[in-house]
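To keep things clear, I will list the structure first and then write my remarks on it.
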Amino acid sequence: MKKVNKICCIGAGYVGGPTMSVIASQCPEITVTVVDINQARIDQWNDSNLDNLPVYEPGLKEIVEKTRGKNLFFTTEVDKAIDEAEIIFISVNTPTKTYGKGKGQAADLKFVELCARNIAKIAKTDKIVVEKSTLPVRTASAIKSILENTGNGVKFEILSNPEFLAEGTAVEDLLNADRVLIGGDETPSGQEAKDTLSSIYAHWLPKERILQTNVWSSELSKLVANAFLAQRVSSINAISALCERTDANIAEVSRAIGTDSRIGSKFLNASVGFGGSCFQKDILNLVYISRSFGLNEVADYWEQVIIMNDYQKRRFAENIISTLYNTVSGKKIVFFGWAFKKDTNDTRESAAIDIADALLEEKAEIVVYDPKVSAERIYADLDYLETRSPEENRRLLTVVTNPMDAVQDAHAIAILTEWDEFKGYSWETIFTKMLKPAFVFDGRRLLSQQEMEAKGFQYYKIGQS
Ligand code: UDX
Ligand code: UDX
């Protein structure tokens, strides 16, 4: 096992930032340098006002406050950090390809390759290179060939160490991980590298939670873990549609099946649909890899999870249109929530984006309130779809910072993110401000049907009639 003095992480994003902050806080004897090509993002990480950190995660700013400038550093000096480190994490974005072969499905590895080529160019001492980004299975062999064919003759060991943190609970997930997965070659030098990285996590996690595998099993496990989690959400969402037609109650069904220890109760909350940077991207990747091996039945099986998720979002929007007398043209619809889930400012693949887009196509006028997401982010999400002009998006959709302003003379409210503050609102007051009948479409099963109907609302809750 090698002694580690310096760690470098390339990519100060939602994964790289929190992960390295936790490592620095648990390993005070190790200097952790997080680098990024994006100067603005690095400036935010170095901002003296910790409320301006680029990633909002409960507990993160306290850790950054404790370690930043001591053994945790954020910089754009990529080459220097690579040169000095024994372990280099690659945590750059691997978005779904938007061009060429595998467009809309395959992972775009251009940034990962750029990182590997840069490491090969700079490194003058042996390095352990760790895949932290989610990568298609067998990427490690591509990285290995780049490093070995363009390197300065130094020795590289490639490890796969996928991240399983969920946003909104990143710090807790890192400090109290169910498991850490480390995949590497089954050679003496591969084993030594696996043990070296294990020793980092062993600073705060019990050994039995540090799993070592071959590198391919680790790469694949990450995709499969997300596919299984997303499949549970799509499965319970599929049943939510059946509940609405049969007067069954999805919460009772979830509890009835979730108490079976073989099924388990987690990830059985019916919703307007899953979002986030990973689920859809990783399943599309799994589908693409399966098809590239000619495993079409496998690909079709997993693709259904995304088809069901798109259906859940579509039927939520269609239900609003049909319930509002089959037209929402010129009607004021309030969105409570835009983030893909509570306790994060991340909106990637959020269900709210597609539902807003569908209602704007019907000429609805939408007013959005989200406690953590900026108007700039909301417009950027809509403009990215290119369904209409940015001017049209800004004419039809407005963003407010006070929810009570939003509901004045509104026809309907749609709850898209499960922020706790929505439960504490004076819904009596909201009722007085809305046009009548006052419709509420609860895509997150946040409120009580009895209470809302007692207040006079026409209340729709996903998963029950
Ligand atoms: C990343 C991966 O995208 C995802 O596949 C994996 O599941 C988790 O890690 P995330 O941290 O959420 O996800 O990405 P993002 O927040 O976009 O951060 C990536 C950072 O890498 C960005 O700040 C970007 O500027 C930086 N980057 C990208 C570099 O520093 N160098 C590059 O060459 C490319
Ligand atoms: C996910 C994985 O959980 C994490 O392990 C991986 O590293 C990255 O991807 P994240 O996307 O941050 O994390 O959020 P997660 O809590 O998994 O939620 C994903 C989506 O599913 C959200 O939109 C959430 O609202 C939705 N969801 C989750 C449901 O609709 N119902 C559920 O029961 C659980």
Side-chain angles (χ1 to χ4, degrees), residues 8-20 34-42 44-45 54-55 57 74-76 78 81 89-96 107-119 131-136 139 161-170 173-174 177-179 181 222-223 225-237 240 250 254 258 265-283 285 309 312-313 337 339-344 346-352 416-418 443-445 462-463:
C8 164
C9 174
I10 307 173
Y14 282 90
V15 170
T19 307
M20 293 304 128
V34 189
V35 301
D36 200 296
I37 50 174
N38 180 329
Q39 183 67 56
R41 181 159 273 197
I42 290 296
Q44 287 178 290
W45 280 111
V55 171
E57 281 289 346
F74 296 93
T75 174
T76 52
V78 178
F89 286 84
I90 297 180
S91 185
V92 296
N93 36 337
T94 54
T96 303
D108 192 339
L109 301 180
K110 70 172 176 264
F111 296 131
V112 172
E113 178 171 344
L114 281 174
C115 288
R117 290 190 181 283
N118 197 28
I119 294 169
E131 300 174 337
K132 186 47 92 177
S133 296
T134 303
L135 297 169
T139 303
N161 173 222
E163 188 42 61
F164 297 99
L165 65 83
E167 294 185 33
T169 55
D173 293 346
L174 286 160
D178 287 341
R179 55 39 177 116
L181 189 51
K222 172 58 187 174
L223 296 180
N226 276 348
F228 266 66
L229 289 169
Q231 181 197 50
R232 282 174 74 90
V233 176
S234 279
S235 300
I236 205 71
N237 281 346
S240 75
I250 193 66
S254 292
S265 61
K266 292 191 176 154
F267 270 64
L268 290 180
N269 302 321
S271 69
V272 68
F274 63 72
S277 68
C278 296
F279 279 5
Q280 173 159 305
K281 167 173 75 70
D282 295 347
I283 292 175
N285 205 346
N309 198 49
Q312 187 77 346
K313 293 183 274 186
F340 80 94
K341 64 176 191 177
K342 71 175 185 178
D343 293 341
T344 177
D346 193 348
T347 65
R348 291 179 283 184
E349 305 297 340
S350 175
L416 283 303
T417 312
E418 69 281 22
R444 290 290 183 170
R445 300 184 52 77
I462 223 161

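Atoms within each ligand, like the ligands themselves, are counted from 1 in listed order. Basis for what follows: all heavy atoms, side chains included, without hydrogens, waters or symmetry-related copies.
- With a 4.0 Å cut-off on non-hydrogen atoms, Asn269 touches ligand 2 through its backbone as well as its side chain.
- Compare Tyr14, Phe164, Phe111 by their heavy atoms: the one nearest to atom 34 (C) of ligand 1 is in Phe111.
- The main-chain N or O of Ala339 is found under 3.5 Å from a side-chain atom of Thr417 such that the two form a donor-acceptor pair.
- Ser133 places a side-chain N or O within 3.5 Å of a backbone atom of Val92 that can act as its donor or acceptor partner.
- With a 4.0 Å cut-off on non-hydrogen atoms, Arg232 does not touch ligand 2 at all.
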Trace of the side chain to side chain contact (heavy atoms under 4.5 Å, CB included) decision for Gln312 with Ser240: CA-CA 9 Å; Gln312 187 77 346; Ser240 75; 3.1 Å; yes
I would like to know whether Ile10 and Ile119 meet side chain to side chain contact (heavy atoms under 4.5 Å, CB included); could you show each step before the answer? CA-CA 10 Å; Ile10 307 173; Ile119 294 169; 4.1 Å; yes
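- The backbone and the side chain of Ala166 each have at least one atom closer than 4.0 Å to an atom of ligand 2 (non-hydrogen atoms only).
- The protein heavy-atom contact nearest to atom 25 (O) of ligand 1 is Asp36 OD1, 2.6 Å.
- Contact annotation for Ala107 and ligand 1: no heavy atom of the residue comes within less than 4.0 Å of the ligand.
- Trp45 contributes no side-chain N or O that, together with a main-chain N or O of Gly17, makes up a donor-acceptor pair within less than 3.5 Å.
- Taking a cut-off of under 4.0 Å to the non-hydrogen atoms of Asn38, the atoms of ligand 1 that pass are 25 (O).
- Put simply, the side chain of Asn237 never gets that close to the backbone of Val272: no donor and acceptor are under 3.5 Å apart.
- At the top of the distance list for atom 7 (O) of ligand 1, counting protein heavy atoms only, stands Thr134 OG1, 2.6 Å.
- If you look at Leu268 next to ligand 2, the close heavy atoms, those under 4.0 Å, all belong to the backbone.
- Each of the following atoms of ligand 1 lies closer than 4.0 Å to a heavy atom of Cys278: 7 (O).
- Protein heavy atom at the shortest distance from atom 1 (C) of ligand 1 is Val92 O, 3.9 Å.
- At least one heavy atom of Thr94 lies less than 4.0 angstrom from ligand 1.
- Only the backbone of Leu165 comes within contact range of ligand 2, with a heavy atom under 4.0 Å; no side-chain atom does.
- Atom 12 (O) of ligand 2 has Glu167 N, 2.7 Å as its closest protein atom, hydrogens excluded (heavy atom only).
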Thr19 and Leu174: CA distance, side-chain angles, deciding distance, side chain to side chain contact (heavy atoms under 4.5 Å, CB included) verdict
CA-CA 7 Å; Thr19 307; Leu174 286 160; 3.9 Å; yes
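- In terms of polar-atom proximity, Ile37 is counted as a contact of ligand 1, with an N or O under 3.5 Å from an N or O of the ligand.
- If you look at Leu114 next to ligand 1, there are no close heavy atoms at all, none under 4.0 Å.
- At least one heavy atom of Arg444 sits closer than 4.0 Å to an atom of ligand 2.
- Among Gly16, Gly11, Cys9, the residue whose heavy atom lies closest to atom 21 (O) of ligand 1 is Gly11.
- Every atom of ligand 2 with a heavy atom of Ser271 under 4.0 Å away is listed here by number and element: 29 (C), 30 (O).
- Looking only at distances, a side-chain donor or acceptor of Arg444 sits under 3.5 Å from a matching main-chain atom of Leu416.
- Looking at Lys281 against ligand 2, nothing comes within 4.0 Å, counting heavy atoms.
- What sits closest to atom 28 (C) of ligand 1 on the protein, heavy atoms only, is Asn93 OD1, 3.2 Å.
- Looking from atom 18 (O) of ligand 1 to the surrounding protein, the closest heavy atom is Gly13 CA, 3.2 Å.
- The closest approach between a heavy atom of Arg41 and any atom of ligand 1 is below 4.0 Å.
- Between Glu131 and Lys222 no salt bridge is recorded (no basic side-chain N to carboxylate O distance below 4.0 Å).
- The residue among Gln280, Lys341, Glu163 with a heavy atom at the shortest distance from atom 16 (O) of ligand 2 is Lys341.
- Of the candidates Lys222, Arg348, Glu113, the one placing a heavy atom closest to atom 14 (O) of ligand 1 is Arg348.
- Closest to atom 11 (O) of ligand 2 among all protein heavy atoms lies Phe340 CE1, 3.5 Å.
- The protein non-hydrogen atom at the shortest distance from atom 8 (C) of ligand 1 is Val15 CG2, 3.2 Å.
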Would Glu418 and Lys342 count as a salt bridge (Lys or Arg N to Asp or Glu O under 4.0 Å) here? Give the steps. CA-CA 5 Å; Glu418 69 281 22; Lys342 71 175 185 178; over 6 Å; no
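- Ranked by closest heavy atom to atom 20 (C) of ligand 2, the top entry among Gly276, Gly443, Ala352, Gly275 is Gly275.
- For Val233, no nitrogen or oxygen atom sits less than 3.5 Å from a nitrogen or oxygen atom of ligand 2, counting backbone and side chain alike.
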